[in-house]
Colleague: 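Submitted below is the structure of interest, expressed as structure tokens.
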Amino acid sequence: IKLGSRPVHGPETIGRFKVKRQILARLNHSNMARLIDGGTADQGRPYLVMQLVNGQPITKIVTETTSSYPGVWKSSKPYVQPYNTPTKTL
């Protein structure tokens, strides 16, 4: 279960969360965790219930894979974040 760190307020933010949830629900790949459910908790914080996938965290795999390329992890780190944190626009 992934619980957002901040409450979702305003129609634009709520709409973005709903769109992300719908996109995740449509994704179907053997190497990805499936979205089981999602919504908003009583306090307004968004949550996603994801399939449990046994294995290493993606951050560990990226760190080990890019250890020979120190600049790669530093420049790509902002894009490996929880779903509800701000990211850079490409």
Side-chain angles (χ1 to χ4, degrees):
I1 298 175
K2 293 184 175 191
L3 182 62
S5 59
R6 295 176 281 209
V8 177
H9 298 295
E12 185 178 323
T13 306
I14 292 169
R16 280 197 312 265
F17 174 70
K18 286 181 179 179
V19 168
K20 287 180 182 182
R21 191 176 69 203
Q22 290 169 349
I23 291 168
L24 287 171
R26 288 192 305 256
L27 295 176
N28 184 15
H29 191 279
S30 60
N31 293 331
M32 292 177 58
R34 215 172 30 88
L35 176 68
I36 298 169
D37 195 9
T40 306
D42 292 340
Q43 308 84 7
R45 292 169 59 188
Y47 69 88
L48 298 173
V49 180
M50 306 287 292
Q51 172 188 14
L52 176 63
V53 177
N54 292 318
Q56 296 181 2
I58 187 72
T59 50
K60 181 177 181 184
I61 294 168
V62 170
T63 301
E64 290 172 356
T65 304
T66 60
S67 62
S68 304
Y69 310 98
V72 173
W73 172 242
K74 185 176 180 181
S75 65
S76 63
K77 190 172 182 178
Y79 304 104
V80 182
Q81 296 179 352
Y83 70 93
N84 64 335
T85 56
T87 57
K88 293 181 180 179
T89 304
L90 298 176

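The basis for the numbers below is simple: all heavy atoms, side chains too, and nothing from hydrogens, waters or symmetry mates.
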Colleague: Under 4.5 Å side-chain heavy-atom separation, chaining through any Ile, Leu, Val, Met, Phe, Trp or Tyr, what else clusters with Ile23? Say none if it is isolated.
Modeller: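 Cluster partners of Ile23: Val19.
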
Colleague: Could you list the residues that satisfy side-chain contact (heavy atoms from CB on, under 4.5 Å) with Glu12, not counting sequence neighbours?
Modeller: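 side-chain contact (heavy atoms from CB on, under 4.5 Å) check on Glu12 returns Arg16.
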
Colleague: Leu48 and Val8: same hydrophobic cluster, using ILVMFWY side-chain contacts below 4.5 Å?
Modeller: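 Not linked; separate clusters.
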
Colleague: Any link between Ile36 and Leu3 through a network of hydrophobic side chains (Ile, Leu, Val, Met, Phe, Trp, Tyr) touching at under 4.5 Å?
Modeller: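 Same cluster.
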
Colleague: Checking His9 now: which residues fulfil side-chain contact (heavy atoms from CB on, under 4.5 Å) with it, not counting sequence neighbours?
Modeller: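 Partners of His9 by the side-chain contact (heavy atoms from CB on, under 4.5 Å) criterion, ordered by chain and then number, come out as Pro7.
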
Colleague: Rounded to the nearest 0.5 Å, what separation is found between the CZ atom of Arg34 and the CG atom of Asn28?
Modeller: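 Rounded to the nearest 0.5 Å, the CZ-CG separation comes to 8.0 Å.
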
Colleague: Which atom names give the shortest non-hydrogen contact between Leu35 and Met50, and what distance separates them?
Modeller: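 The pair with the smallest heavy-atom distance is CD1-SD, 3.6 Å.
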
Colleague: Got a sec, which residues hit side-chain contact (heavy atoms from CB on, under 4.5 Å) with Ile1, two or more places apart in sequence or on another chain?
Modeller: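 side-chain contact (heavy atoms from CB on, under 4.5 Å) list for Ile1, sorted by chain: Val49.
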
Colleague: State, to 0.1 Å, how close Gln51 and Ala33 come at their nearest heavy-atom pair, and which atoms those are.
Modeller: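 Looking at all heavy atoms of both residues, the shortest contact is O-CB, 3.5 Å.
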
Colleague: The criterion is side-chain contact (heavy atoms from CB on, under 4.5 Å); which residues satisfy it with Leu27, sequence neighbours excluded?
Modeller: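 Here the qualifying residues are Leu24, Met32.
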
Colleague: Measuring from atom OG1 of Thr40 to atom CZ of Arg45, what distance do you get when rounded to the nearest 0.5 angstrom?
Modeller: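 These two atoms lie 11.5 Å from each other.
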
Colleague: Can you give me the closest heavy-atom contact between Tyr47 and Ala41, atom names plus distance?
Modeller: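 Heavy-atom minimum between the residues: CD2-N, 3.8 Å.
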
